[in-house]
Chemist: 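One structure is given below, represented as structure tokens, and several questions about it will come after.
Just so we're clear, the structure is a prediction, and the values are computed from it rather than from any experiment. All chains are named by letter (A, B, ...) in the order of the sequence lines, taking the proteins before the strands, and each is independently numbered beginning at 1.
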2 protein chains.
Amino acid sequence: MLTQTQISSASFKQPTSRNLPPAGDHALGTIELMGTPMSFSRNAEIYGENEPADYLYKVISGTVRTYKILADGRRQIGAFHMPGDIFGLEAGDSHTFSAEAIADSKVLVIKRSALVALAARDNDVARQLWTLTGRELHRVQDHMMLLIKTAQERVASFLLEMADRASASAAVDLPMSRQDIADYLGLTIETISRTLTQLESDAAIELPTSRRIVLRNRPALNRLNA
Amino acid sequence: MLTQTQISSASFKQPTSRNLPPAGDHALGTIELMGTPMSFSRNAEIYGENEPADYLYKVISGTVRTYKILADGRRQIGAFHMPGDIFGLEAGDSHTFSAEAIADSKVLVIKRSALVALAARDNDVARQLWTLTGRELHRVQDHMMLLIKTAQERVASFLLEMADRASASAAVDLPMSRQDIADYLGLTIETISRTLTQLESDAAIELPTSRRIVLRNRPALNRLNA
DNA sequence: CGACCATTTGATATGGATCAAGCGATGTGG
DNA sequence: CCACATCGCTTGATCCATATCAAATGGTCG
């Protein structure tokens with residue numbers, strides 16, 4: 001369900017052949033051309049688990065979380081998607097997770113059927129769909145490996161992951177709350193907080209504010225990364 | 001590295017066009033036609049993590065485990081593959097897990113390059129590769145959700161999963177050891193053993209032998225499945 | 001029968017959860 | 001512009017599920 005901004009189906013532009021990049025071009029370019037920009041405000045739902053996966057999305061600005069809620073209310077966050085990331089692409093026909101904007105976000109909304117139809121004609125696009133799913137598989141496998149580690153290891157891995165993605169030297173501005181981090185790592189907010197405090201007193205990181213983290217000793221964090 | 005049985009590259013048969021099923025056929029049929037049967041004895045390595053993913057595999061008989069070893073020796077089993085299952089298919093070019101036969105096993109070995117080449121011409125095959133990777137993605141997502149649950153829930157989910165796959169009414173013959181189960185569920189063998197004993201005294205299951213498990217009360221197990 | 005390996009069972013330790021305050025920043029209404 | 005309510009985060013005290021360490025049991029194969 002699209003709560004904040006409704007998609008009117010008329011608003012989707014059909015790709016025209018003159019929009020297509022020359023064959024042999026990296027097909028990701030093709031994908032982007034087929035999207036409509038949309039805005040979601042903080043905590044707005046982008047789609048829900050089990051809804052038909054008619055669209056896929058590319059983050060332009062902001063951050064998106066995908067998650068599942070278990071019967072008893074526990075929430076597991078599957079991923080944080082940042083600018084440039086594609087999410088919501090399914091090989092099957094419904095979404096396996098829900099998606100929400102963590103902060104006000106802008107995303108490109110891309111019609112899946114158009115892409116799938118294109119893939120039937122264009123080999124490059126077909127391969128690109130496969131590659132994207134393969135990349136996602138790899139990401140989930142890594143995430144699964146995280147969940148068998150200790151709290152320190154999970155938090156260290158998380159910080160390194162965020163730092164790598166931000167590509168901003170050693171300081172990271174986290175867009176998500178402690179609760180989001182906890183649900184991503186399978187821990188509680190108290191454990192996240194204590195572990196960060198611990199890492200700070202070990203001089204591995206600095207915490208100028210609760211959302212800003214400076215990596216002071218990457219080798220130490222990498223050692224915890226196991 | 002293929003420790004028990006060596007693949008001689010000459011032994012692979014190239015698919016010929018007369019082997020291809022008619023267009024529109026479910027492409028899985030195509031995939032199987034391209035394979036060479038091979039045997040692996042108990043505990044034999046089929047491939048190792050990070051090795052080039054030149055082949056994919058389909059289990060004919062026996063069971064295969066895929067796994068990763070962390071720096072400190074912890075092992076995480078990613079999946080158990082049983083007859084009919086395809087494993088070792090990668091969208092990238094190297095294996096992200098290692099694979100070993102749990103019991104003496106026969107697998108069909110399929111050359112990836114042949115399949116990828118075929119996919120470039122045959123849309124159905126391309127779509128099938130995508131679907132297989134998508135199915136695997138879904139499986140790993142479910143597995144990840146397991147790892148945030150309690151021991152009882154994990155074991156109950158595991159038993160139900162095995163029972164569904166065996167499709168043999170209510171009795172399951174486990175091909176794997178307690179250690180394998182433990183490494184799949186992110187628990188220790190002692191916890192597996194205690195949890196099974198507990199489920200038995202709760203009359204949810206029966207344990208005629210350590211490898212044979214009879215599901216006595218599926219609703220109860222499903223309730224634990226959360 | 002005896003050795004070996006897998007499994008179970010028992011006793012204890014511990015990492016992270018839970019329960020409960022305190023604290024600091026942010027925003028709102030008077 | 002300040003007083004206060006709110007919310008997110010941290011810190012403290014205690015509990016508990018699962019790990020760890022250790023021993024007994026059982027099943028399998030020479």
Chemist: Could you tell me if the ring centre of B:Phe87 sits under 6.0 Å from that of B:Tyr57?
Modeler: yes
Chemist: Do A:Gln141 and A:Met144 have side chains that approach each other closer than 4.5 Å (heavy atoms only, starting at C-beta)?
Modeler: no
Chemist: Can you confirm whether or not the ring centre of B:His143 sits under 6.0 Å from the ring centre of B:Tyr184?
Modeler: yes
Chemist: Can we say A:Arg223 and A:Glu153 salt-bridge, meaning some charged N sits less than 4.0 Å from an Asp/Glu carboxylate O?
Modeler: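 The answer is no: the pair does not qualify as a salt bridge.
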Chemist: State, with a plain yes or no, whether a side-chain heavy atom of B:Pro208 is found less than 4.5 Å away from one of B:Val214.
Modeler: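 A side-chain contact exists here, since the closest heavy-atom pair is under 4.5 Å.
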Chemist: Figure out the CD/P separation between B:Gln198 and C:dT8, and round it to whole Å.
Modeler: 14 Å
Chemist: Apply the salt bridge (charged side-chain N to carboxylate O under 4.0 Å, His left out) test between B:Asp183 and each candidate in B:Lys68, B:Arg178, B:Arg75; give the one that qualifies.
Modeler: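 Passing option: B:Arg75.
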Chemist: Hey, are the side chains of A:Leu159 and A:Val155 touching, using non-hydrogen atoms and a 4.5 Å cut-off?
Modeler: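 When only atoms from C-beta onward are counted, A:Val155 and A:Leu159 do touch, with a gap below 4.5 Å.
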Chemist: Give me the residues of residues 71-81 of chain A where at least one heavy atom lies under 4.0 Å from an atom of DNA chain D, by number, or none.
Modeler: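 DNA chain D contact set from residues 71-81 of chain A: none.
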Chemist: Can you tell me the distance, in whole Å, between the CG atom of A:Asn43 and the P atom of D:dC7?
Modeler: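 Distance, rounded to whole Å: 13 Å.
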Chemist: Could you encode protein contacts along nucleotides 9-15 of chain D as a string, one character per nucleotide from 5' to 3', using B for base contact, S for sugar-phosphate-only contact and - for no contact, with a heavy-atom cut-off of under 4.0 Å?
Modeler: SBBBB--
Chemist: Answer whether the closest heavy-atom distance between the side chains of B:Gln198 and B:Gln152 falls below 4.5 Å.
Modeler: yes
Chemist: Which residues in residues 140-155 of chain A have a heavy atom closer than 4.0 Å to any atom of DNA chain D?
Modeler: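 Output list: empty, so none.
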Chemist: What is the distance, to the nearest angstrom, from the CG atom on A:Leu185 to the C1' atom on C:dG16?
Modeler: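 Taking atom C1' of C:dG16 as the reference, CG of A:Leu185 is at 13 Å.
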Chemist: Expressed in angstrom and rounded to an integer, what is the separation of B:Asp183 atom CG from C:dT7 atom P?
Modeler: 12 Å
Chemist: What is the separation between atom CG on A:Asp180 and atom C1' on D:dC7, rounded to the nearest whole Å?
Modeler: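 Answer to the nearest Å: 14 Å.
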Chemist: Determine whether A:Ile110 and A:Ile86 make a side-chain contact, defined as any pair of heavy atoms from C-beta on separated by less than 4.5 Å.
Modeler: no
Chemist: In the structure I gave you, are the side-chain heavy atoms of A:Asp85 and A:Lys58 within less than 4.5 Å of one another anywhere?
Modeler: no
Chemist: Less than 4.0 angstrom from a charged side-chain N to a carboxylate O is my criterion; do B:Asp173 and B:Arg212 meet it?
Modeler: yes
